[in-house]
Structure formats: C-alpha cells, structure tokens
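Written below as structure tokens is the structure these notes are about.
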Amino acid sequence: MAVSLRSAALRVALKSARRVPASIRYPLQRDGVDPVARLDESRRDGDVVQLGRLLGTRVWLVTGYDVARSVLADSEAFANDVRGLIGRQGRTPAERIGGLGMTDQPDHGRLRGVLTPYFTRRRLAELQDDIDRVVEAALDDMAAHGPEVDLVERFGFAVPFGVICDLLGMPEVDRATFRQQGAARFDLRDAGAGIFDTAAGTRQFLIDLVATERAEPHLPDGIVSRMVADHADSFDDVELGGLADGVFLGGYETSASMLSLGTWVLLQHPQAWKMLQHGDPADVDLVVEELLRFVCPVQVAFPRIARHEVRVGERTVRKGDVLVVSLTGAERDPARHEEASRFDPMTETAGTLAFGHGLHRCVGAELARMELRTALVALARRFPDLSLACDPADLRFTELAIVHGVESLPVRLG
C-alpha cells in the first residue's frame, strides 16, 4: 500500500511540473536560446550538483560535458526504466510510459532491433526525394501566404510533420487528426499534463493503426506497414504502436524546434546564412553541427537511476538516486568550448550530445541531420533576404519544457 501511494504521489508531482520547486525547474528553462543564468551559476559547485529531493529521492543535475557523456554511456551503473517509480498499474496501454528511452536491456535491444533496419544509410538515402518534396511544398506555401508568415507554423512544424508522416506511412486521410492530437501533446502549459495524458492520444492512434494493418494490410509503404509485416508474430500492437509513437515523438517535435530556433539564430548571423546559400556540403555540415550544439532543443536526457553507489564526477551517488543530464548545459560547457556561449560554425563541434549518447542515442539522428541540411539550405536559397518581422523582444519561447521552442516566428520573406 505504501509503495502504491508513493508511486501515485510521484506521478502527480511529475505531472504538475509548474508546481515543482524552482530548484528543479531551472534545467527546463531558457533565456531565448541560452541557458538561464542559474544553470551556469550551478557550475561553481562542480559538474554535478544536487537539485533537491522528490518524495525522498535525491535528484542530481549533470552539466559537465565529459561527465554527461560518461553517464549517458554507462548502462551498467545507471538504469533508464523509471516505471517502478511512477507506477505500472491502473493505466490503459496507451497511457503507460515506456518505449526505447525508458527501457533497459534486454527489452531495449529487443525493441531497438525492430527500428534499426529502417534507419540504415541505404534506407535513409531512399527518403531524400520525399524530404525534398515536403520542403519544397512548405516553401511554396510560405510564398503563397507572404510577404509575412509565421515560420513556426508554415515551415518549422510543416516540414517535420510531412517527413514523419511519409516515414511512418500515414494515410493522407488520417493526417489532419494525427496532427491535431500531436500538437496538444507538446503543449506543456497545462502543468506538464502533455507528458502523460495527451500523449495517450497519438499513441492510441498508432496502436489502432497497427491493429488495423495487422487485420487487413492497406497502408502505404512505411515503418508501420513494414513493422507489421516483419514483426507481427513477435510483437503485439501496443509494442509496435509504441515504437511508431517514439519515431513520431523523436522526429517531429525536436526537428520542428531545431528548424524554428535554428532559423532565428541564423537570422542573427548573416555569414552562416550565406554559407547555407552557397550550399557547399562541408560548410553546410559545419553550420548544422554548430546549430545542434548551440540550440540543442532537447534540454535534458531521459533520467537515469543509479543501480548502486557510484562515483559521478566529484560526487558520490547512492543507489536509487536520480540523475538528470542537462544536454543544454553539456553543450555549453566552457571546459569543452572556450567560447561556448557564442555561435560560431567554424568552431570544432564534433561529438554533439544533442541526440544523446550511448545505448539510448536517438535512432533517427542521421535522418534529423538530413532534414536539417535539406530544409535550411532550401530556405536560405528560396528566401535569401528573409528577416524577422517583429521586435525580438516580442518573441515568446516555451517557459518550461523538455524540448525548448519558440511559439511563433514572424518573418518577412523579402
């Protein structure tokens, strides 16, 4: 009884993100695209600091690049499965958390093995034409609604949504409903309820899509139809639908934020904008990699739980303690980059943690890079004189979110 009450209380605490003490909130906040001052100030106490306690559990924050990379790579000392803390029972299959990010071996390997073949270099090369088509359609839509448009709506979200629907094999007739449910999922203004509750909408949608495809194959070629054809005998609808949901979540929200925030950064750095217009592959890669480091929209990695007492940096972490790795903090670590707070495409940025690291590194990382390269180059070439159409002070960024973004970005096409 005590365990179930503790799990229920923790679930309420996690769902009520705005009521979490400020000591735990600041890793999920930004000042524009920059970390809030408190995150940088925490470095005075080292690369690992104690955020506080959540229902008796010590929570640590990791901001140093080297320590962050070490923690993310160590699946022996740290577990990802937090379901024991949040509670496993009394929820519908669509409401239960899980997926690749919150599973450990051997479940993680079993599930990841389903997706990996769909993200090989050869498979990704086959998607280039689809990405080009989606990007051009978004640019045409911007031109049709100009001379001033909201880049977030017509490009930042339109491109990743089109690409991810093509990748999943989403029928055109279902896309409007799917998009409506997906948008609600990423709105954390209602006390963070989207993490647990509205997430069930898109997940249930995909579970049902898998079940329908299993009963009567009819979907266009895509990950959903291929997973059912290849793995229907070994995985149930909830598992396959959950994997499809993970592809959607990882490939939609983060890419949308990167395109929108990345464009905002580029508009302040004309030289980088010109590098994209020229389109030299090496220069484009430099710009994209530096944007991933500088913007890093995923602010924190999936939480890790210490399996036993372990030394992390200069701290001793006890069994059961929770570690939150600040990807934003790691990418802006001055010990790794001398001028970490400055955007400079000519700076060496190899080894970005924007996609995570180790066993749980984003399976779609290379697809995201393809999408960013294609979309940003096309945008810079179609609208070389693109400019902000509002006072920068009027821009509204997400206030408290795992994935940081800007609510709208009014631009003048030029």
Side-chain angles (χ1 to χ4, degrees), residues 92-95 99-100 111 114-120 122-142 144 153-187 194 198-256 259 363-364 367-368 370-371 374-375:
T92 69
E95 291 175 322
L100 292 178
L111 293 170
V114 173
L115 289 180
T116 301
Y118 309 132
F119 290 91
T120 62
R122 180 179 65 81
R123 287 285 178 86
L124 292 179
E126 295 172 357
L127 295 174
Q128 187 63 63
D129 288 344
D130 286 338
I131 295 174
D132 291 340
R133 176 182 52 76
V134 170
V135 169
E136 287 303 312
L139 294 174
D140 290 343
D141 179 69
M142 289 175 65
E153 176 188 358
R154 301 205 176 274
F155 192 75
F157 274 91
V159 169
F161 183 77
V163 170
I164 209 66
C165 283
D166 286 348
L167 181 65
L168 290 172
M170 181 68 61
E172 289 288 343
V173 68
D174 291 333
R175 294 191 181 195
T177 301
F178 191 57
R179 181 167 188 168
Q180 183 179 14
Q181 292 175 334
R185 176 174 188 165
F186 303 136
D187 186 349
T198 57
T202 53
R203 192 175 293 125
Q204 187 62 58
F205 188 96
L206 289 163
I207 291 171
D208 292 342
L209 197 65
V210 167
T212 301
E213 180 71 3
R214 185 192 297 269
E216 186 177 351
H218 72 293
L219 293 178
D221 183 48
I223 284 181
V224 174
S225 64
R226 291 183 183 184
M227 284 197 305
V228 172
D230 296 342
H231 302 284
D233 294 338
S234 305
F235 294 83
D236 60 28
D237 297 342
V238 174
E239 289 177 312
L240 294 181
L243 286 173
D245 179 68
V247 172
F248 168 67
L249 180 63
Y252 176 33
E253 182 188 15
T254 53
S255 292
L259 285 176
V363 70
L367 173 62
M370 283 176 59
E371 199 172 315
T374 302

Check: Is a donor on one side and an acceptor on the other found under 3.5 Å between the side chain of Ser255 and the backbone of Ala368?
Finding: no
Checklist line | Over 12 foreign heavy atoms within 6.0 Å of CD, Glu216 | finding: no
Notebook entry, point to check: How long is the span from the CG atom in Leu206 to the CG atom in Asp245, to the nearest 0.5 Å?
Noted result: 6.0 Å
Next item on the list: Grab the two heavy atoms, one from Ala211 and one from Asp237, that are nearest each other, plus how far apart they are.
Entry: CB-OD2, 3.3 Å
Note to self: Minimum heavy-atom separation for Pro171 and Leu219, please, with both atom names.
What the structure shows: CG-CD2, 3.4 Å
Next item on the list: Mind running side chain to side chain contact (heavy atoms under 4.5 Å, CB included) on Leu124 and Leu127 for me, showing each step along the way?
Entry: CA-CA 5 Å; Leu124 292 179; Leu127 295 174; 4.0 Å; yes
Quick one: side chains of residues 158-169, donor-acceptor pairs under 3.5 Å with protein atoms, not counting sequence neighbours, listed by atom name and distance.
from	atom 1	to	atom 2	distance (Å)
Asp166	OD1	Arg175	NH1	3.3
Asp166	OD1	Arg175	NH2	2.9
Asp166	OD2	Arg133	NH2	2.4

Next item on the list: For the pair Arg214 and Leu240, evaluate side chain to side chain contact (heavy atoms under 4.5 Å, CB included) and give the outcome as yes or no after the intermediate values.
Entry: CA-CA 11 Å; Arg214 185 192 297 269; Leu240 294 181; 4.1 Å; yes
Margin query: Just so I know, are the side chains of Glu371 and Val134 near enough to count as touching, which here means a heavy-atom distance under 4.5 Å?
Written below: no
Check: Between atom CD of Gln128 and atom CG of Asp132, what is the distance when rounded to the nearest 0.5 Å?
Finding: 4.5 Å
Next item on the list: Quick one: pull up CD1 in Ile223 and CG in Leu243 and give me the separation to the nearest 0.5 Å.
Entry: 9.5 Å
Checklist line | From Glu153 atom CD to Met142 atom CE, the distance as rounded to the nearest 0.5 Å | finding: 11.0 Å
Margin query: Strictly distance-based, threshold 3.5 Å: is any side-chain N or O of Glu213 a donor or acceptor partner for the main-chain N or O of Val228?
Written below: no
Item checked: Spacing of CE belonging to Met170 relative to CZ belonging to Phe205, to within rounding of 0.5 Å -> 5.0 Å
Next item on the list: Any chance you could lay out the side chain to side chain contact (heavy atoms under 4.5 Å, CB included) test for His218 and Thr212, step after step, and finish with the verdict?
Entry: CA-CA 8 Å; His218 72 293; Thr212 301; 3.6 Å; yes
Next item on the list: Calculate, to the nearest 0.5 Å, the distance between atoms CZ and CG belonging to Arg203 and Leu249 respectively.
Entry: 8.5 Å
